[in-house]
Asks: 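To start, I am sharing the structure in question, which I have written as structure tokens.
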Amino acid sequence: MIEEAPVRRLNRRTRSERNKRRERYFYSNDYNYESDVLSDDALPLFTPPPSPNNNNFIKSNKKTNNTENIKTSYANKTTERKDHLYKILVIGDLGAGKTSIIKRYVHRFFTQHYRATIGVDFALKVLNWDDNTLIRLQLWDIAGQERYGNMTRVYYKEAVGAFIVFDVTRTNTFESVAKWKSDLDSKVQLSDGSPIPCVLLANKCDQQKEGLVNHPSKMDEYCKENGFTTWFETSAKDNINIDEAANALVKKILENDTLLNVESLKDEDKFSISKDTSGQRNGKMCSC
């Protein structure tokens, strides 16, 4: 009988599988990085790694570690970014330009054709105050005829700052400023009971001015006597001092926020100390 030739087992590993085996072999401790020579028909598709004893290999690892440390520290800084949401009131007589100021500040445009605000309107302004602080201003545009209404107490609730706007071309709007300020202070306060910061805006300064606004020193005295943080001559039409007034108010709000946080921490410390010593009597703990 004729003997059958033995069947040879074929290696069916693909090129990618062989390359993976070679890669694992290159990274194993038994591999000699300097004496190994591959044949031309079995060249790998990747470059073998340098010897771990090589100085260049160590330097490259140090650079990689430094880069990873920098990325980690940057990620930690970004996670510590503070995000604030502040409610800001914009009040004043009808036609003083409250809506125009908000549109100029938030949407960067001005129009002389607009409808009078009914009740209250809203707008949102996002400020990248610094690298670690993001501020969202929720601007409440309150109608000029709402001063004597009962709804203002609801509108003012939880506000942390305000603008009072008057028209420099109409003295009667300036005469109403003190009434608006009194109504504001009586209906909303900070957590410590103090009035919220308020900036006075003398709007439409691009036109002929009337009254006290023509005397800056007297305006300074008026603001000091009535509890205003500061005042600005503004023009929504020509974009004069709109951003500057808003930044001044935000800066004052941040200062108050910091002070209130410090005082709250002090109160917590006092409470913890009094709580620890409440059970002591004549230097001995009560054993009741």
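Everything numeric here is computed off the predicted structure, so don't read it as measured data.
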Asks: Cluster question for you: counting only ILVMFWY and a side-chain heavy-atom cut-off of under 4.5 Å, with indirect links fine, are Tyr105 and Val165 together?
Replies: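 Yes; Val165 is reachable from Tyr105 via cluster members.
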Asks: In Å and rounded to the nearest 0.5 Å, what is the CZ to CG distance from Arg136 to Leu124?
Replies: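 So the gap between those two atoms works out to 7.5 Å.
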Asks: Evaluate the ring planes of His107 and Phe109, with Trp represented by its six-membered ring, and classify them as parallel (under 30°), tilted (30 to 60°) or perpendicular (over 60°).
Replies: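 Tilted.
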Asks: Looking at side-chain heavy atoms only, is the closest gap between Asn256 and Val160 below 4.5 Å?
Replies: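 No - every pair of side-chain heavy atoms lies 4.5 Å or more apart.
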Asks: Taking C-beta and beyond as the side chain, do Ile101 and Val90 meet within less than 4.5 Å on heavy atoms?
Replies: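 When only atoms from C-beta onward are counted, Val90 and Ile101 do not touch, as no gap falls below 4.5 Å.
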Asks: Given the rule that I, L, V, M, F, W and Y join up when any side-chain heavy atoms are under 4.5 Å apart, are Leu184 and Trp140 in one cluster?
Replies: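 Both belong to a single hydrophobic cluster.
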Asks: Given 3.5 Å as the limit, does a donor-acceptor pair link the side chain of Ser182 with the main chain of Lys179, or not?
Replies: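 No, Ser182 side chain to Lys179 backbone: no donor-acceptor pair under 3.5 Å.
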Asks: Of all the heavy-atom pairs spanning Pro195 and Leu190, show the shortest one and how long it is.
Replies: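 What the structure gives for the nearest pair is O-CD1, 3.9 Å.
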Asks: Measure the CD1-CD1 distance between Ile142 and Ile91 for me, rounded to the nearest 0.5 Å.
Replies: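 Rounded to the nearest 0.5 Å, the CD1-CD1 separation comes out at 6.5 Å.
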Asks: Within a strict 4.5 Å, meaning less than it, do heavy atoms of the Lys204 and Lys237 side chains meet?
Replies: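 No, their side chains stay 4.5 Å or more apart.
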Asks: Would you call Lys181-Asp185 a salt bridge at under 4.0 Å N-O?
Replies: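 Yes, this pair counts.
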Asks: Can you check whether Ile102 reaches Asp121 side chain to side chain, under 4.5 Å on heavy atoms?
Replies: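 The answer is no, as the side chains (C-beta and beyond) never meet within the 4.5 Å cut-off.
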Asks: Does the Thr171 side chain pair with the main chain of Gly211, one donor and one acceptor, at a distance under 3.5 Å?
Replies: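 No; zero donor-acceptor contacts below 3.5 Å.
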Asks: Once rounded to the nearest 0.5 Å, what's the spacing between atom OG1 of Thr169 and atom CD of Glu210?
Replies: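 So the gap between those two atoms works out to 6.5 Å.
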Asks: Counting N and O atoms only, with roles assigned by atom type, does the side chain of Asp238 sit under 3.5 Å from a partner on the main chain of Ile240, one being a donor and the other an acceptor?
Replies: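 No, the answer is negative, given that no donor and acceptor are paired below the 3.5 Å cut-off.
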Asks: Report yes if the side chains of Trp180 and Leu89 come closer than 4.5 Å at any heavy-atom pair, otherwise no.
Replies: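 A side-chain contact under 4.5 Å is absent here.
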Asks: Is there a path of hydrophobic side-chain contacts, each under 4.5 Å between heavy atoms of I, L, V, M, F, W or Y residues, that connects Val168 with Phe163?
Replies: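 Looking at the clustering, Phe163 is in a separate group from Val168.
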Asks: Can you confirm whether Phe166 sits close enough to Asp93 that some side-chain heavy atom of one is under 4.5 Å from a side-chain heavy atom of the other?
Replies: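 No, every pair of side-chain atoms sits at 4.5 Å or beyond.
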Asks: Determine whether Asn226 and Val177 make a side-chain contact, defined as any pair of heavy atoms from C-beta on separated by less than 4.5 Å.
Replies: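 Result no, sub-4.5 Å side-chain heavy-atom pair not found.
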Asks: Inspect the surroundings of CG in Asp131 and state if more than 12 heavy atoms from other residues, nucleotides or ligands are less than 6.0 Å away.
Replies: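 No, because the 6.0 Å sphere around CG of Asp131 holds 12 heavy atoms or fewer from other groups.
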Asks: Please find the pair of heavy atoms, one from His84 and one from Thr133, that lie closest to each other, and give the distance.
Replies: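 Where His84 meets Thr133 most closely, the heavy atoms are CD2-CG2, 3.6 Å.
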Asks: Give a yes or no answer on whether the side chain of Lys187 reaches the backbone of Tyr156 with a donor-acceptor pair at less than 3.5 Å.
Replies: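 No; zero donor-acceptor contacts below 3.5 Å.
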Asks: Quick one: CG on Asn128 to CG on Leu134, what's the gap to the nearest 0.5 Å?
Replies: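 Between Asn128 CG and Leu134 CG, I get 5.5 Å after rounding to 0.5 Å.
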Asks: Do Leu139 and Leu254 share a hydrophobic cluster, counting only Ile, Leu, Val, Met, Phe, Trp and Tyr and linking them when any side-chain heavy atoms are less than 4.5 Å apart?
Replies: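 Result: yes, single cluster for both.
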Asks: Between OG of Ser176 and CD1 of Ile164, what distance do you get to the nearest 0.5 Å?
Replies: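 Going from the OG atom of Ser176 to the CD1 atom of Ile164 covers 10.5 Å.
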Asks: So Met219 and Leu200, side chain to side chain contact (heavy atoms under 4.5 Å, CB included) or not? Walk me through it.
Replies: CA-CA 10 Å; Met219 281 294 297; Leu200 181 61; 3.9 Å; yes
Asks: Is Thr230 close to Cys223 at the side-chain level, that is, under 4.5 Å between some pair of heavy atoms?
Replies: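 Cys223 does not reach Thr230 side chain to side chain.
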Asks: Please answer: with hydrophobic residues joined when any side-chain heavy atoms are less than 4.5 Å apart, are Leu249 and Ile196 in the same cluster?
Replies: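 No, Leu249 and Ile196 fall in different hydrophobic clusters.
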Asks: More than 12 foreign heavy atoms under 6.0 Å from NZ of Lys252: is that the case here?
Replies: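 It does not: Lys252 NZ has 12 such atoms or fewer within range.
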Asks: Apply the test side chain to side chain contact (heavy atoms under 4.5 Å, CB included) to residues Thr234 and Asn203: give CA-CA distance (whole Å), side-chain angles for both, the deciding distance (0.1 Å), then the verdict.
Replies: CA-CA 5 Å; Thr234 60; Asn203 196 35; 3.1 Å; yes
Asks: Tell me, which pairs form a ring-ring contact (aromatic ring centres under 6.0 Å, His included) where one or both residues lie in residues 210-240, sequence neighbours left out?
Replies: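 Non-adjacent pairs meeting ring-ring contact (aromatic ring centres under 6.0 Å, His included): Phe174-Tyr222.
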Asks: Using a strict cut-off of less than 4.0 Å between a Lys/Arg side-chain nitrogen and an Asp/Glu carboxylate oxygen, indicate whether Asp130 and Lys82 qualify as a salt bridge.
Replies: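 Salt bridge: no.
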Asks: Would the distance check show the side chain of Lys87 and the main-chain N or O of Lys157 forming a donor-acceptor pair, the cut-off being under 3.5 Å?
Replies: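 Checked: pair present.
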Asks: Go through the structure and list residues passing side-chain hydrogen bond (donor to acceptor under 3.5 Å, both in side chains) with Thr99, not counting sequence neighbours.
Replies: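 Only Thr117, Asp141 meet the side-chain hydrogen bond (donor to acceptor under 3.5 Å, both in side chains) criterion with Thr99.
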Asks: Return the OG1 to NZ distance between Thr229 and Lys251, rounded to the nearest 0.5 Å.
Replies: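 Here the interatomic distance stands at 12.0 Å.
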